[in-house]
Amino acid sequence: MLRYTAQRLLGAIPLILGISVISFVFMQLAPGGPDAMFARNGRMSDEQLAAIRRNMGLDKPVPVQYLHWLKNLLRGDLGTSYVQNRPVTRIILERLPNTLILVGAGLGLALVLALAFGVLAAVRQYSLFDHAVNAVAFFGLAMPVFWFGLMLQLFFGVRLGVLPTAGMHATGETGALDLLKHLVLPAFTLGIGSIAGWSRYVRSSLLEVIHKDYIRTARAKGVRERVVLLRHALRNALIPFVTVVGIDIPLYAVGAVVTETVFAWPGMGRLFYDSLAARDYPVQMGILVLSAFAIILGNLVADLLYAILDPRIKYG
Amino acid sequence: MEGTRIESRPSARAFAGRDRAGRSHARIAWERFRRHRLAMLGLVLLGLLTLMAVAAPVIAPYGPDEQDLFNITAPPSRAHWLGTDELGRDVLTRVMYGGRVSLAVGLAAALISSLLGVVVGAVAGFYGGWVDAALMRFIDLMLAFPALFFLLVLFTIVPASVANVVLFLGLFGWMWLARVIRGEILALKELEFIDAARAIGASSGRIIVQHLLPNVVAAIIVSTTLSMAYNMIAEATLDFLGFGVPPNVPTWGNMLTGAANYYIQVPLLPVAPGAVLVLAILAVNFIGDGLRDALDPFTEW
Amino acid sequence: MVAPPLPGPDGGNCGRRWQRHAGGLRWGQRGQPDYLGWGPARCRGTAPAGETRQGGTLTYVTAEEPETLNPYLTQLVVGFDILSLFMESLLEADDQGQYGPRLAESYEAAADGLTYTFTLRTGVKWHDGSDFTAQDVVESYNMIMNPDFGAFSQQGWDKITGAETPDDHTVVFSLDQVYAPFIANVGGAYIAPASALAKGIQSFKEEFGREPFGTGPFRFVEWASGDHITAQANADYWQGAPKLEQIVCKFVPNSNTIAVQLKSGEADLAAYVDAQQFDTYQAIEDKQVIETDSQAWFHLDLKNIDFLMEKPVRQALDFATPKQDIIDKILKGHATISVADVAPISWAYNPNIKPRPYDLEQAKKLLDEAGWTPGPDGIRQKDGKRMQLELWGIAGDQQNQQILQVIAASWKQIGVQADLKFQDIKTLWGPEGYQFTETPTACGYSWFNGNDPDDSFYWHSSQIPDSPTGSGGNLPAYFHPYDMQDQIDELTERGVATIDQEERKKIYWQIQELLHEYVPVIFIYWNKLIFVSPKRLQGFKPNAFTPLFHNVHEWAYRA
């Protein structure tokens, strides 16, 4: 197990390198190159521009710049933001916890609801509830995230006025309850796609398992229905589900950009969006590499969990 | 047990080594599909929306850019069945024209993804060895890309024309299909009929196209359908973030985005484009569902 | 490779692009805020009417977050606005655009215009407790001029050849040429504390930019990235302790969400909101909408190339642009029609010029006479060339896009085909922007004037970039200088070389006449600044000349 983990981690290194090279090339392809935003400021003197390029290392050849960037990356230094004039690492670290809170809440909500809906729908196959879940799931999958977010905002924020529509806290508040209130709409927006997709997945894989022989055997042995469902059926149905969740987690990064923009959530997705408009390449690169890393890690964790849950799989 | 590797994901395994819906099965598949009520509903819906989009220049009451500035965000009336938008353009007309772009973008991007996925998957699976290894590494790399982030960065570099949106959505959406196809081909090429084909001197290309691909048609069709739905949402999302097709081009995503700026003053404005977009995606998903059931009855997803 | 840009403009005022993005705005070419005017300071802000109470929190909501709060690095209007809570300048404009004292009690300009002596206020303390002295001013000047620091603008400061401090509260700047906008540029710049400057460039950029402090009415408390900045009343403020206790600046990137926040009471104050949302805000019960004139002019750049070089064609396009319709229908009347580049609220405004009426017949006549006749497809042509151009605008800016679509539709009626293109801000004005392709192009955006009427940045030949990465504001003339180039060069040069206001007024009147006649760009309207504030907030008096919080120490809630 340990060896496999180590192998996978080593295998991730070329991936990260590949992604960093591609990101770096992208930045160089940007109109006018990475320093265009300084050059186009009509108020800068030649002397100032030369100094900026020198101080940022932009006067060096591109491969040298890349190696320099890579060397710093290994030390956890992602460079200096062009517009904020401070370390990218610090900028990202300020936003990271907020995104984790949002993604965690969205993910948690989606898991709980998807499992509940999926299991109930499977147990009561073809019932009204089953059809309702199915219908909701179809709509959930067909709804663009931004659109759903705006609708929630309009309904709960404006019409009913019961939930806050933006930010993490009300002015002057820092409490957990206040945070929770601000979290409801964005977390739900972020999770809706998964709730829809996963509940259908849980339902169908549970149905498949229920019709397997060992479940019939368990029932025949007189094991209580509850226990059959939870111990035997659900556990086996969940094994492939774990991988599906692992694969879907990157979608949360995508969803975060949109959700954080709609709900003014101070997270990394919005930071990325802002850095696009500001042409802040070091921040863009930092987030790209970091999220690639998160995706790789997410897949690895999913695979490992899969192994832990499924006793048939062993890693040498 | 020595190192079992998880090669294909459960979802990818859905197609592997199962019912092969070849030409002879087409009829059976259609019978099954026809009995899938939602799928038929989807087919009818999508047919209507497509018809509406194709016939837009003939049946639309106005020109797509025709403005009546004295009649901005007007409620539905006899002259404007669905009202007018923030520039006094007829909403019904733009919904019709919007379908042309939104549906075409979704389909075209899905076709590009499928083509790439099939080619890469088939080549990797058929040739194996270092070709396979290299392509699979490349797929890993592409899958580790935070796709939307890269799309956004790309569209700060190249102008986001309709063609570019199609191209890049297509370029970022082929990896899963490639994996599935590869798995299928790997399994298939061990079978006797391939050996037979080889024995009578068929070229590799011929074997792939004539003997292997017909056996993975089911996977390709289902994947293309689902990716069309995904691409339509992605296109609308790019529009919303301001990195999609130019805002004056009527697409459902652009109409939604335009309306979203007025949704407090004119809550009805986003209803029409939102409804058709959701309906279209629903229809495509229904069809995809039906196809999957029809083509692969043992599917897990 | 990237060619070096032109040296900084040697004259002139900073033109700044006013950009809306998701409701926010940004000055593309940011200079110091320019405050200008001669004569005695006007008495400002007498006691507000009604009983007010001490204390209270005000939540200001804005679409954009400042990239930094370093006063010499920020490029955003919001950065400048928020800094006005904490920092102060030597001089300050009032609501008439006439300068008055702030950190400087008074100043004196030598008769030859080459020496300026500022007498600083005594007893002013920095938030860290140290005294405000002449040293702070000189150190600020040194930092701005240090090339390794990379100040966003050295405008005005670069004319200084000597800085002396005869005593702790006197600063004498010597110049080597007469430069009329000097007071606006230097007098209007925030002064930074010498104690922070002494920590070096890196610290000043990073730490001060994140936790600024100054002499202002509010102290910086915290900046939660992406969420808010909190400011606390400075009880020791030299003009007396502010009435409000706390100000929170909240960042909400979506204009809809801003509207929702104001409606639900989660936010109190918003600035520069879209004219189209005027009625929505007006309808909120506890809010009032305040509208002031601005110095931002929306116009269409006409790239000086091909058929756009023909004066009758430019005049015809001007006739065919429905300015008043745009103002009435799209902006719901919240704008003023414009004829040239000096705002009606400026002392240099020429009231005698009348805008060309919206007259399609007149436009067609001009084009016919110029030999451009309608082709088989209805688009005019001459010598086999079609009258087709690209019309560019800002992606994500709804209002901008609507206006351009209206103009394109109107031009079509006189047989001119305008293909709309929308691009994000940085690309639009980047090296691959519309200015540097050889396609005939128009582009719609706003310039934000400084307080000095100097407009060489827009028109002078030295402001024509020499390459796509070069600098300068005279972008339409990149391929060919204007037909009126010599005249406007001469006038703009004379405009800054005298400090006699009456003399300057005559010059700028002439410039406006020239601009109206030659139509180098199509002037459309002056933006209005629209603010939303609580009805019970008193003392809030925004104007076009000063940052948002210029008199925040006078703001108070009604009891």
Side-chain angles (χ1 to χ4, degrees), chain A residues 30-33 35-55 80-87 91 94-95 98 150 153-154 157-158 161 164-172 260-268 270-271 273-274 276-280, chain C residues 2 4-9 14 21 29-31 57 59 65 67-68 70 73 75 147-148 150-155 158 205-206 209-210 224-228 246 248 250-254 256-258 260-261 263-264 266 424-427 429-433 457 463 468-473:
Chain A
D35 49 355
M37 65 157 292
F38 300 110
R40 283 296 310 146
N41 164 19
R43 301 285 140 193
M44 285 247 168
S45 67
D46 272 351
E47 204 188 357
Q48 278 180 299
L49 262 174
I52 284 177
R53 293 207 176 103
R54 195 174 57 242
N55 292 338
T80 307
S81 155
Y82 285 178
V83 297
Q84 296 198 25
N85 294 294
R86 56 194 193 114
I91 296 174
E94 278 173 4
R95 300 293 192 94
N98 299 341
L150 288 174
Q153 222 175 35
L154 186 64
V158 182
T165 49
M168 281 180 78
H169 284 291
T171 303
E260 288 177 0
T261 308
V262 172
F263 290 97
W265 192 266
M268 270 201 344
R270 223 177 97 208
L271 178 67
Y273 187 67
D274 289 345
L276 286 175
R279 290 291 150 91
D280 198 347
Chain C
V2 178
L6 278 177
C14 19
H21 187 75
Q29 307 274 349
R30 186 73 182 82
T57 295
T59 304
E65 177 175 16
E67 72 284 49
T68 169
N70 187 299
L73 292 176
Q75 307 173 31
D148 279 324
F152 201 73
S153 170
Q154 297 176 326
Q155 205 68 24
D158 55 358
K205 270 185 177 176
E206 253 182 76
R210 220 40 212 180
S225 180
D227 201 54
H228 68 271
Q246 196 182 46
V248 178
K250 201 169 172 180
F251 312 119
V252 174
N254 181 297
N256 270 313
T257 320
I258 288 182
V260 173
Q261 296 252 308
K263 214 167 177 175
S264 68
E266 288 169 83
D424 74 292
I425 288 155
K426 291 278 152 108
T427 309
W429 290 302
E432 291 180 7
F457 185 75
Q463 291 296 325
T469 52
S471 64

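Below, read A as the first sequence line, B as the second, and so on, with proteins coming before strands; counting in each chain starts at 1. Just so it is clear, the structure is predicted and the values come from calculations on it, not from any experiment.
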Can you find a heavy atom in the side chain of [X] that is under 4.5 Å from one in the side chain of [Y]?
{"X": "C:Glu206", "Y": "A:Pro87", "value": "yes"}
{"X": "C:Arg210", "Y": "A:Gln84", "value": "yes"}
{"X": "A:Arg54", "Y": "C:Asp148", "value": "yes"}

Can you see which heavy atom on [X] is nearest to which on [Y], and at what distance?
{"X": "A:Arg86", "Y": "C:Ser225", "result": "NH2-OG, 4.4 Å"}
{"X": "A:Arg95", "Y": "C:Glu65", "result": "NH2-OE1, 3.3 Å"}
{"X": "A:Thr165", "Y": "C:Thr257", "result": "O-CG2, 3.7 Å"}

Quick one: side chain to side chain contact (heavy atoms under 4.5 Å, CB included) partners of A:Asn98, sequence neighbours excluded? A:Met168, A:Trp265, A:Pro266
Considering residues at least two apart in sequence or located in another chain, which fulfil the side chain to side chain contact (heavy atoms under 4.5 Å, CB included) criterion with C:Lys205? A:Asn85, C:Leu73, C:Phe149, C:Ile201
As an exercise: rank A:Gly161, A:Gly157, A:Pro164 by heavy-atom pairs under 4.5 Å with chain C and give me the winner. A:Pro164
